[in-house]
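One structure is given below, encoded as structure tokens.
Along the sequence shown, residues carry numbers from 1.
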Amino acid sequence: MLIGILGFISGFLGIEVFSSLIHRYLMHGPLWWIHQSHHKPKGGWEPNDWFAVFFGLIGIGLLFGGFSGYIPVFWAYSGIGISVYGGVYFILHDVMVHS
């Protein structure tokens, strides 16, 4: 039980730190050519949406690996934290902020 709670919290908070660093140093740096579509939205799918796919695949990989026994189960709960963070981010940032 404790391992699940710690895994969830570490995934939820860890992806915030990781994505903040990626955003600051890569998206507004060498990957600006992809990320600029987020600052000039036209509606529908934007090239910037590939970043969400990338972060989602991290969470899915951790879920699969942890619950199938390939890696410690702690990481599966981390994957749940990452996935929940992604859902919260989507609702708060994409839906509420950017409509």
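- A donor-acceptor pair under 3.5 Å links the side-chain atoms of Ser78 to the main chain of Gly7, judged by distance alone.
- Hydrophobic clustering (side-chain heavy atoms under 4.5 Å, transitive across Ile, Leu, Val, Met, Phe, Trp, Tyr) keeps Trp50 apart from Ile58.
- The 12-atom threshold is exceeded at CH2 of Trp45, counting heavy atoms of other residues, nucleotides or ligands nearer than 6.0 Å.
- Summarising the geometry of Pro30 relative to Tyr25, their closest heavy-atom pair is CD-O, 3.5 Å, with the distance given to 0.1 Å.
- Taking OG of Ser19 as the start and CE of Met27 as the end, the distance is 7.5 Å to the nearest 0.5 Å.
- At least one side-chain heavy atom of Ile15 sits less than 4.5 Å from a side-chain heavy atom of Phe55.
- Distance check: Leu31 CG to Asn48 CG gives 10.0 Å after rounding to the nearest 0.5 Å.
- Both Leu26 and Phe51 sit in one connected hydrophobic cluster of ILVMFWY residues. Membership requires side-chain heavy atoms under 4.5 Å apart, directly or through other members.
- Neither side chain, His23 nor His38, offers a donor N or O lying under 3.5 Å from an acceptor on the other.
- The hydrophobic cluster containing Val84 does not contain Phe64, counting ILVMFWY residues as joined when their side-chain heavy atoms lie under 4.5 angstrom apart, directly or transitively.
- In this structure, Leu21 is not a member of the same hydrophobic cluster as Tyr89, with clusters built from ILVMFWY side-chain heavy atoms closer than 4.5 Å.
- Taking both residues in full, the closest heavy atoms of Ser83 and Leu63 are given as OG-CD1, 3.9 Å, listed atom of the first, atom of the second, then distance.
- Under a hydrophobic-cluster definition in which Ile, Leu, Val, Met, Phe, Trp and Tyr are linked whenever side-chain heavy atoms come within less than 4.5 Å, directly or via other members, Tyr70 and Phe67 are assigned to different clusters.
- Atom CG in Leu57 sits 11.5 Å away from atom CD1 in Ile82 (nearest 0.5 Å).
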Checklist entry - What's the verdict on ring pair (Phe, Tyr, Trp, His ring centres under 6.0 Å) for Tyr85 and Phe12, showing C-alpha distance, side-chain angles and the deciding distance? => result CA-CA 6 Å; Tyr85 177 89; Phe12 192 91; 5.3 Å; yes
Checklist entry - Do Trp32 and His39 pass the ring pair (Phe, Tyr, Trp, His ring centres under 6.0 Å) test, and can you show the C-alpha distance, the side-chain angles, and the key distance before you say yes or no? => result CA-CA 10 Å; Trp32 176 250; His39 293 276; 5.3 Å; yes
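- Counting heavy atoms from C-beta outward, Phe74 and Phe8 have side chains that stay 4.5 Å or more apart.
- The backbone N or O of Glu46 lies less than 3.5 Å from no partner atom in the side chain of Ser37, so there is not a single donor-acceptor pair.
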